[in-house]
Amino acid sequence: MKVRVLRQWPPGHVRTPGYLRGKVGTIERSVGTFNNPEQNAYRLTPTKNRLLRVRFQMSEVWGIKAENPDDVVEAEIYEHWLEPFNAS
Amino acid sequence: MPHDHHEPLSPSGHPYRADDDKDLSYWQVMEIAVRELLIEKGHISATQIQDQINTMDARSPANGARLVAKAWTDPAFKYALIEDAGQASRNMGFDIGPMHLIALENTEKVHNVIVCTLCSCYPRNLLGLPPDWYKSRAYRSRAVVEPRKVLSEFGLEFNQKIQIRVHDSTADMRYIVIPYQPAESEGLSEAELAKWITRDSMIGVGLPRAPA
């Protein structure tokens, strides 16, 4: 399944790396639910959010500057940072 | 007469390193204050803190090497390790605490590398403390931008047909690479194989090699 990482820049303890925001990848696996770090870091009662491993092609992340377009980077991204992506 | 600025040399001929006489940082002071308060109020003892430091220091890559050696010799264990690395490690008797672990298998077509771009997440409970370079800004930023260049600086060259997979430990999972077993090591015992498996090979910036 293809997803896009939200292109947002909220302040706070965010575990979505900047270089992946706005990028499209495929879900590699779901690794379960975890306390939302954006609340947990401030001692707020955290919601349990699904955490997904998403695979991105280097060509998607770095464009023509990619060292090798077919290499990939995988990262754990919380579900609330992802939106479905339909290439059309 | 102007003072000449020749640095004095140690008996071995190297320059002395300047003493680290800087003031404590804000957070260093905070750590000392909190630690002393916890001890004064009887929540924790200095011995308990030292015991925990010693426990951390005692963990070494040898633990991970035993795990990989078993995976190399026991296909059922390798399957279990890839399915649920945390559980497989606990079943082997390793105390990895609440760590959520994923094992990534290198094959003829895929080479895995681990980084934490946001901080320095590392499977400490299995491999011990991370090397300094792992925490450096250079490694953390370059590993996702130009992994092949970084790997070449560690002495590893891969042709374009082999896919490099960089794993960024961004949240709650920790990673260990199961390196590709060298043909020369086929048939060795689990204990002998464990000596081939280096720390760097389990981060993905090295390959297993015959013990010196």
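Just so it is clear, the model here is predicted, and its values are computed rather than measured. As a basis for the values below, the full set of heavy atoms in this structure was taken, side chains included, without hydrogen atoms, waters or symmetry mates. Each chain gets a letter, A, B and so on, in the order its sequence line appears, and its residues count up from 1.
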If you count the non-hydrogen atoms of other residues, nucleotides and ligands that lie under 6.0 Å from NZ in B/K135, is the total more than 12? yes
More than 12 heavy atoms from other groups under 6.0 Å of CH2 on B/W27: no
Counting only non-hydrogen atoms closer than 4.5 Å, does B/I162 touch chain A with its backbone (N, CA, C, O), its side chain (CB onward), both, or neither? backbone
Using non-hydrogen atoms and a 4.5 Å limit, figure out which bit of A/Y78 sits close to chain B: side chain, backbone, both or neither. side chain
Dump the intermediate steps for side-chain contact (heavy atoms from CB on, under 4.5 Å) on A/V31 and B/I102, then the final yes or no. CA-CA 10 Å; A/V31 291; B/I102 289 179; 4.0 Å; yes
Okay, B/H111 and chain A: the region with an atom under 4.5 Å from a heavy atom over there is neither
Heavy-atom nearest pair, A/E67 first then B/E146, reads OE1-C, 3.2 Å
Is B/V145 in contact with chain A via its backbone, its side chain, both, or neither, using a 4.5 Å heavy-atom distance? both
Heavy atoms of A/V72 and B/Q163 approach each other most closely as CG1-NE2, 3.5 Å
To the nearest 0.5 Å, atom CD1 of B/I114 lies from atom CD of A/E74 at 11.5 Å
Looking at B/D132, I'd like to know if its CG atom is crowded, meaning that more than 12 non-hydrogen atoms belonging to other residues, nucleotides or ligands lie closer than 6.0 Å. no
Please say whether more than 12 non-hydrogen atoms of neighbouring residues, nucleotides or ligands are located less than 6.0 Å from CG in B/D57. yes
In terms of heavy-atom contacts, does CD of B/E186 have more than 12 from other residues, nucleotides or ligands at under 6.0 Å? yes
Run the numbers on B/D172 and A/R15 for side-chain contact (heavy atoms from CB on, under 4.5 Å), then give the verdict. CA-CA 10 Å; B/D172 295 87; A/R15 304 298 307 183; over 6 Å; no
Of the backbone (N, CA, C, O) and the side chain (C-beta and beyond), which part of B/Y175 lies under 4.5 Å from a heavy atom of chain A, both, or neither? side chain
With a 4.5 angstrom heavy-atom cut-off, which part of A/P17 approaches chain B: side chain, backbone, both or neither? both
Of all of A/R55, A/K65, A/M58, which one pairs up most often with chain B through heavy atoms under 4.5 Å apart? A/R55
For B/D95, does the CG atom have more than 12 heavy-atom neighbours from other residues, nucleotides or ligands under 6.0 Å away? no
Give the C-alpha distance, both sets of side-chain angles, the deciding distance and a yes or no for side-chain contact (heavy atoms from CB on, under 4.5 Å) between A/Y19 and B/D168. CA-CA 11 Å; A/Y19 71 94; B/D168 191 352; 2.7 Å; yes
Worked verdict on A/D71 versus B/R148 for side-chain contact (heavy atoms from CB on, under 4.5 Å): CA-CA 10 Å; A/D71 289 343; B/R148 287 173 186 264; 2.7 Å; yes
Looking only at heavy atoms and a cut-off of under 4.5 Å, which of B/L118, B/V110, B/T117, B/V166 has the most pairs with chain A? B/V166
